[in-house]
S.K.: 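Once you've had a glance at the structure underneath, I'll fire off some questions.
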Amino acid sequence: MTDTERVVNFAAGPAALPVPVLEQVRRDLISLPGLGVSPLEISHRSPWFRDVLDEAVKDLVELLGVPDTHRIVFCPGGATQQFSMAPLNLLRGSGLTAEYLVTGAWGAKAVREAGKEGNVSIVWTGAEDGFARVPGDYEWEASPDAAYLHVTANETIEGVEWPELPSAPCGVPLVADVSSDFLSRPVDIARVGLMYAGAQKNAGPAGVTVVIVREDLLDRAPPGLPAMLDYRTFVEHDSLYNTPPVFAIYVVMLVSRWLRDEVGGLAEQEERNRAKAGLLYDAIDASDGFYTGHAKPGSRSLMNVTFRLPTAELDSRFVADAASQGLVELKGHRSVGGIRASIYNAMPLKGVEALTELMRVFAASH
Ligand SMILES: *Cc1c(COP(=O)(O)O)cnc(C)c1O
């Protein structure tokens, strides 16, 4: 491989970014046109960054159809910090209970953090069957007077995704961790009270978390929260209370611009994602049991496709064979084993086609 040749990167996160975005970053990296500094060096108070921030918000509003009841802010600390920040703002001191639908490892972590801030209740968990599916409508019931109902839209490790975000009871805010399927499909934001996405899966580099919050919920925060853990700080200061991760937000802006201008929006992106995931699930289903999918049909993720081969030894051999062909980062998470192919927005169809071809050849020869 030459110094600039790229592999097909199936990493779960940090994950592949669109090449046109990387090319723009490269053009700007030594010097932004007319400014003489790079995005890594420029002041967060500069007019350039003000424009970047404004465009990032504007593009996300447009892509997601965010209604004017909601605000978009950029927070540090990853999605993991949101596991605490959401209950700090919406649960602490309320005397209410926060309810959680747990469909994988990230949801389980979110519950643990929320339990430090108040009462939590798990309304459904898929732990017993190794987190292989989301529940059916009649398998769970949320309380109409909970502080909020939390859901993980896509469980990145298990490859389990809600086909559509569930509904919270009337008056209960739905809180959604959308880290690994943010911007992969249209979402009805009006139904969501709070949603958050660590950028490094599908929206940019690590270092920033996109948070969309319904403005009326801001008043629920108890007094005395640390400024950097209070959503109001970010809303009132347009994400510029302290030095934000300038570079990461700049890349999120470029990714949003790419989705708007080159992909043509989230409905188009969803179609592409369905086509890519469809190829892989078809390859699994057509393998006569050589490949076994982890997620049950109906809960299969469009972003993280998890499966295993007949033995762990064959799993390892498959990963090695793939790597020798430039298809990398296919080893499943240690808690699930097997293979995980993360195929976010930036994964080209050709990359998935190369993987399904390898699956066919590998199954035939083993
Ligand atoms: C990666 C991930 C997280 C954790 O993100 P960090 O940015 O590492 O804190 C949380 N939830 C989901 C669904 C994820 O995919």
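Order of listing sets the numbers, starting from 1, for every ligand and every atom in it.
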S.K.: Check whether any side-chain heavy atom of E23 sits under 4.5 Å from a side-chain heavy atom of R27, and report yes or no.
M.R.: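 Counting from C-beta outward, E23 and R27 do come under 4.5 Å.
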S.K.: Looking at ligand 1, does any of its N/O atoms fall within less than 3.5 Å of an N/O of A79?
M.R.: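 The answer is yes, given that A79 and ligand 1 share an N or O pair closer than 3.5 Å.
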S.K.: Give me the residue, atom name and distance of the protein heavy atom closest to atom 11 (N) of ligand 1.
M.R.: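 For atom 11 (N) of ligand 1, the nearest protein heavy atom comes out as D177 OD2, 2.6 Å.
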S.K.: Quick check: do E113 and T80 have side-chain heavy atoms less than 4.5 Å from each other?
M.R.: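 SC-SC contact between E113 and T80 ruled out.
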S.K.: Hey, which atoms in ligand 1 end up nearer than 4.0 Å to a heavy atom of T156?
M.R.: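 Selected atoms, number and element: 12 (C), 13 (C), 14 (C), 15 (O).
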S.K.: Show the atoms of ligand 1 that are less than 4.0 angstrom away from any heavy atom in G78.
M.R.: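 Answer, ordered by atom number: 7 (O), 9 (O).
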S.K.: Students often mix this up, so state it plainly: with edges at 30° and 60°, are the rings of Y250 and F247 parallel, tilted or perpendicular?
M.R.: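 The arrangement is tilted - the two ring planes meet at 30° to 60°.
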S.K.: Return yes when atom CG of D129 has more than 12 non-hydrogen atoms of other residues, nucleotides or ligands closer than 6.0 Å, and no otherwise.
M.R.: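 Yes, because the 6.0 Å sphere around CG of D129 holds more than 12 heavy atoms from other groups.
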S.K.: Classify the contact between K201 and ligand 1 as side chain, backbone, both or neither, using a heavy-atom distance cut-off of under 4.0 Å.
M.R.: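 K201 to ligand 1: side-chain contact only, backbone stays beyond 4.0 Å.
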S.K.: Could you tell me, atom by atom, which parts of ligand 1 come under 4.0 Å of a heavy atom of S180?
M.R.: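 Reading through ligand 1 atom by atom, the close ones are 13 (C), 15 (O).
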S.K.: Among protein heavy atoms, which sits nearest to atom 9 (O) of ligand 1, and what does the distance come to when rounded to 0.1 Å?
M.R.: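 It is T80 OG1, 2.5 Å.
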S.K.: Tell me whether R26 at atom CZ has more than 12 heavy atoms from other residues, nucleotides or ligands lying less than 6.0 Å away.
M.R.: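 Atom CZ in R26 is not packed in, count stays at 12 or less.
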S.K.: Considering only non-hydrogen protein atoms, determine which one is nearest to atom 7 (O) of ligand 1 and report residue, atom name and distance to 0.1 Å.
M.R.: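 Here the nearest protein heavy atom works out to Q200 NE2, 2.9 Å.
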S.K.: Report the relative orientation of the aromatic rings in Y100 and Y148; use parallel for angles under 30°, tilted for 30 to 60°, perpendicular for over 60°.
M.R.: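 Correct class here is perpendicular.
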S.K.: Does some non-hydrogen atom of N154 fall short of 4.0 Å from ligand 1?
M.R.: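 Yes, that is the case, since the closest heavy atom of the residue is under 4.0 Å from the ligand.
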S.K.: Fit a plane to each ring of F362 and F318, take the angle between them on a 0 to 90° scale, and name the class: parallel (under 30°), tilted (30 to 60°) or perpendicular (over 60°).
M.R.: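 The rings of F362 and F318 stand perpendicular, inter-plane angle above 60°.
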